[in-house]
Structure formats: C-alpha cells, structure tokens
Amino acid sequence: MSFAQRTHGCGEPRASHAGEQVILNGWAHRVRDLGGVCFVDLRDRSGIVQLVFDPSRFQNLAEIRSESCLSVTGTVRLRDPDTKNPAMPTGEVEIVVTGYNVLGPAKTLPFPVSDEEQMTSVNEELRIKYRYLDLRRPAMYRKFAIRAAAIRRIRAYLDQREFLEIETPIFTKSTPEGARDYLVPYRLEPGLFYALPQSPQQYKQLLMVAGVERYYQIAKCFRDEAQRADRQPEFTQLDLEMSFVTQEDVLRLIEGLTVEVVNGLIEEFDLPKDRVEGFARLTYDESMHLYGCDKPDLRFGLQLFDISSVVKDCGFGVFKSCIDGGGFVRGIRYPGGASLSRKEIGILEEFCKEFGAKGMASFGLAQDPADAGEGAVVLADGRAVKGSIAKFFKPEELVQILETAKAEPGDLLCFIADAYSAGNNVLFRLRNEIGERCGLRDQRKVAFCFVLDFPLVEWNPESSRWDATHHPFTAPKAEDLIYIDTDPGRIRADCYDVVCNGTEWASGSIRIHRPDIQERCFKLLGLDEETIRARFGHMIEAFEYGAPPHGGIAPGIDRLIMFLTDDENIREVIAFPKIGQGMDPMMGAPSTIDPQQWAELGLRLGE
RNA sequence: GGGGGUGUAGCUCAGCGGUUUAGAGCGCCGGCCUGUCACGCCGGAGGUCGCGGGUUCAAAUCCCGUCAUCCUCGCCA
C-alpha cells in the first residue's frame, strides 16, 4: 500500500510556514467534530498540530477515530488571532486538509491514550499488556528519548577514552553463589544447562587477561529473584573494566562519566534538576556511623548521633543495660517532631519495630518552654524537655544529649538502644522516614556519593562461614591481608559503591590478579579445591598466564533514568517490562512449549 | 516464605451497618451543532461486582478459601 510521505513532523508547522503545502503522517490524538467544521489533533513523535476538515468536502469523517494512523495533505494556515492556542507550540497555525488517507484504522482503545491525567491512574498490568499503545504517550516517548540519549552519551564518553565495546555471551555457565540463575536446557545432552549471566563479571575479567585494557558494554543482566519496585528479572548495566589501574583511576573515570552524562542530559532535556558537581566520598564505616547504612540518601543532611558515652551510667535502665551488654544508644533528630501526639509517636515506634527494633525511646525539646506541659523537665537555661523518659536523666545528661544531637527547639529526639548493626538497620530507615515526612529530600538534587572500603567478607551466621561482601574476585587491601587468618572481618577490600539518592547505583572493585592471593581468599570463603576447580577453574587458569592488575564497576542504566525522570518504578523506564513473578502480559511469556520441544530437550515435568 | 493494599461497565471510581431495577465521570453508539482545542447539547447501549464455596428467605456487601496485581520485610555475591 502506498501513502504520501511526510514533508514535516506534526510538531514543526509555525507561522512562517503559512501558505505552504504539507504532508503529515501521524495518529489522531483527539477529534472534535462540530458539525459544520471538524478539528483533529494529529500527533507524531515530534509534536501535535491541529487539522481542520470541511465536512462538505469529506463524506466519511467518522472513520477518523481516536488513535487511527493517518496520512494528511493540506495547507498551513495562520489562525485568526482569537483562535490561536498559546498552549501548543504549533498553536499559531492549523492545517487545512485537502486530502487524507486512513493508513491504520484503530479500534476503541483499552485506555485513554490521549489523556495524560487519566493515564496516571490506569491499571499498570493493562498498560503493559498494551504497551505499544502506552508508549504512544508523549510522556513515555520522552523517557525513552532520555534513555537513548544517556546511552549515546555514555558511549561517546567511553569511546573518546579508548574503551572497546565488546559483547559477551548470553548463554553462559551457572555460578551458584549470588542470585538464582535463569537456566536454558542444552538440547544435545540432557542434564546440562546454560545459565543467563547475572552480569558479565567473569568475561570482562578474562578480557583484561586478553589485553583489551579498557572494555565496556551496555549489558543485559538476568537474576531470578523476588521482584521489587526498583528491580526487574532482566535489567541493563553499563559494565566496564580497566587494566593497570588503581581504585582511584576507576573512581575518577566513573565520576567524570556520570557528571558529564547527567549534566548533558539535564541540559538537553531541560530536566528540573541541579547540575551534578561531583561525588561525595564516605568510607563504609563512616556511612554506617553517620547514616546507619551503606546507601545514604544525601539529598538531605540529617545525621545520626551517638550518646552511648553520655548515658552509660544513666538512670534509664533500658539504655544502661544495653550499653552494659556491649550495645550502643544512638539516635536521630526529628525536626519539628516535638509537636507529635502520643499516638503519632506510637506509630513511629511501631515503624521502628517493623525493622526489628525492640523499642524506640524519644523526648522532645519544647518549642515554647511555657507550653511544655506538666512533667516536663526544665533545664537551668530555661529549655524544657518533654517526654516520659526525660525524668530518668540528670539535667547535665540531658544537656549533653541535646548538645550531641544538635537539638533545636521543637525537635523530637528518637533513640534506638541495640547492638551496632541492628540499631543501624532501624536508624537508617527512621532517617529516611523522617526525611520523607519532613520533606527534607531536595527534589532538584541528584545526590551521588562513593562508599569506599567495604569489608572483604562478612560472617554468615546461618551457614557459619565468611561470605564475600562483593564477589569472590574482589581484592583485599594489601595492608589488611595480615588479618586473613586471625580476624578476617577486619579486612577491608578495594571495593566501592556509587550511591544515588539512597539507592545503590553502581558497584565495583579492584580484582585479585594473583593466583596465590585468589587461592587464600577462596579458602577464607570456605571453598574446597574441588569446588574451586569446578566453578572457577577457568578463571584460576587464566590468571596463571600473565594477568594484569585490573578493576571495574557496573552502574545500572535503568536506575540512572529513574533518578532523572523521578520515577519510583523501574518498569516505567523499560520499554517492555515484566510484571508480577516475571510475567509479560503482552507477549504471554512465559508460555507452554510443544510436546516435541519437551522431548527434544529430554525434559519432563517433575511431581 | 511473611505482612499490607487493590480487584464492581472499555477506563477511573462510588456503593460494601444484607433487600426490590448496582450508580457516576470519561469512553463507545445514534442525533444536533461552522471555530473547537478536555468542544457543547440531547438520547442510547454496555456489568458472571476476580474466581470457588459457605451463612441467609435474600450477598457486590458477612465468613472461609483461592487467583491476579501493587507495595513492603526476607532475598537480591
């Protein structure tokens, strides 16, 4: 079928085109039939323009239904001053239609594609089932334009710096540590399986052994784990690796790349974000101490405080016994929280208990000491502390606590008394909750930071062994190797995360390139010779042929787009996402297979 | 695996202290309309109230189960 090819995009016509003949191709965005005249907004990816039809020239305008695909010939006409539409970029003009063709008639739609406001509440499963319609919305198109531009800019940055983009296999080998693998049966020998890569980790290290020196890839990664708002079974990483580098080289590279790409996108798409000036740096220990987690949201400052030394001999039994038991009393300031009712504080306590807190103690610093109420403890300087636990502390202890917490009048101070890591888990969630409630998160900020010096291993009480914090190839810091036999938990790794707005965005490390150290680390992880050979034999062998020192990092592409578009759901930035337990309602995947396929693969259904 | 939310017309939702014919807005169909741009006005069609069971004279509504989906804890080297 032939059709008239367009001369312009729908978003292009301006007053300067008045009188010109144009041909447009696009979709009927909205139809307004007034009887004696009929207006149709025609939309393509460049924008929207108003068409004017004279019903006396065209008999069957009813065939122009919403979202039909059209080809239109017409003349650009300047609108009368009182009929201009300043809300539209093309609103100075309209197209007087001289001929048209319905290229693709549309049935009645499952949801109102042209109504952006209503679309925000349409059932997501339905949107994904009809994703090809959902993606027609300009707001969706824009996200994927941003995504494409991000990848384009990343490639440009790395290509300029002599990185080589290399594809690695999708059919690879199962590695039982880490997440659950997606498996693909091998037809020629039943019982053997490929696994889809959780990341191209081993390949990129082997490329370093191969002398590539600088590698990157926009890589699909596959992990069969429970879904979350910011997780998909298949997602995209910028995977990169460099030889002959120190940790500092990798950090500078990724910081430089991110700053240039993000600022470029902010400018190109006029995003409501402040330019990124650079990454903050924190060690793992600092991050845990100040924010209670290894992924602090630095869009706001609020830091934890530690009053353990102040209250170690205090009269409040809960605090004292916690410290006597080797625990800590730490807390956070809730700006303005002193005005919370007893019930509201109870809700906050329940919130803490959800994350394993035994309890949450608190007291407020009265905004106005005169209204502090009965039972408030009035300090020598006139400030009043209110809350049922205030009376357990000596005035000088209260003063010191207020000092340590940097409490302002009107603040509530929340305390968690617990072991260090258990307390952190509560405090970091409480911090995010307070940040949310008080509107402390600056929406214009894209707050990146490095978290450095992660521990190499962490004790897994369930299996009674040391697990790799990052992965088994991560290099221990040379100066910490002395602890490998005596105190492995003390070994820091050349390992780093990039965190953005409270989300882990990228993770990387300097890798072990010496077989002897690799062997010691495998042993630390409790892997016996046989397991090592079966799982990693190819890696060990490769490192015996002259492996260069190397390291890399892998940021998530999907999450980067989420930071820029303010989406909280990763599905919004993936063209064809999965829902539920990995279902694709549009394709109908996963699906059954033919009996013949079962037979060919030597498979049958278990009980 | 655990917790919470949701499921009623094509879409978004109301109804859910049990009752006779289950409503609204948008969309859809028909009619009218020459300046709209969320066009307007008049009329109309459209529902296995997620599914299964139970209680009851009577269930969208109460109870039990189940499925789907969203969020979340665990999990995600």
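We name chains A, B, ... by the order of the sequence lines, and we start the count at 1 in each one.
Out of B:G74, B:C75, B:U69, the shortest distance to the side chain of A:R231 is found at B:C75. Of the candidates B:C75, B:C70, B:C37, B:C37 carries the atom nearest the A:T83 side chain, counting heavy atoms from C-beta on. Across B:C71, B:C11, B:U36, the shortest atom-to-atom separation from the side chain of A:A229 is found for B:C71. Here the nucleotide nearest the side chain of A:E125, chosen from B:C39, B:A68, B:U36, is B:A68.
Taking side-chain N and O atoms only, A:R127 has no distance below 4.0 Å to OP1 or OP2 of B:U12. An OP1 or OP2 oxygen of B:U36 is reached within less than 4.0 angstrom by no side-chain nitrogen or oxygen of A:R32. The side chain of A:N123 places no N or O atom within less than 4.0 Å of a non-bridging phosphate oxygen (OP1 or OP2) of B:G10. Taking 4.0 angstrom as the limit, A:R429 places a side-chain polar atom (N or O) nearer than this to OP1 or OP2 of B:C73.
Between the side chain of A:R228 and the base of B:C70, no donor-acceptor pair of N or O atoms lies under 3.5 Å. One can find a donor-acceptor pair under 3.5 Å joining the base of B:G35 and the side-chain atoms of A:R77. Donor-acceptor pairing under 3.5 Å, judged by distance alone, is present between the side chain of A:E94 and the base of B:G35.
The separation of B:A60 from B:G18, taken at their C1' atoms, amounts to 11 Å, rounded to a whole angstrom. Rounded to a whole angstrom, the distance from the C1' atom of B:G25 to that of B:A9 is 12 Å. Rounded to a whole angstrom, the distance from the P atom of B:C76 to that of B:A14 is 38 Å. When the P atom is compared between B:C71 and B:C13, the two are found 16 Å apart, to the nearest whole Å.
What separates CD1 of A:I347 from C1' of B:G4 is a distance of 15 Å, to the nearest Å.
Applying the salt bridge (Lys or Arg N to Asp or Glu O under 4.0 Å) test between A:R137 and each of A:E117, A:E572, A:E116, A:E67 identifies A:E116 as the sole match.
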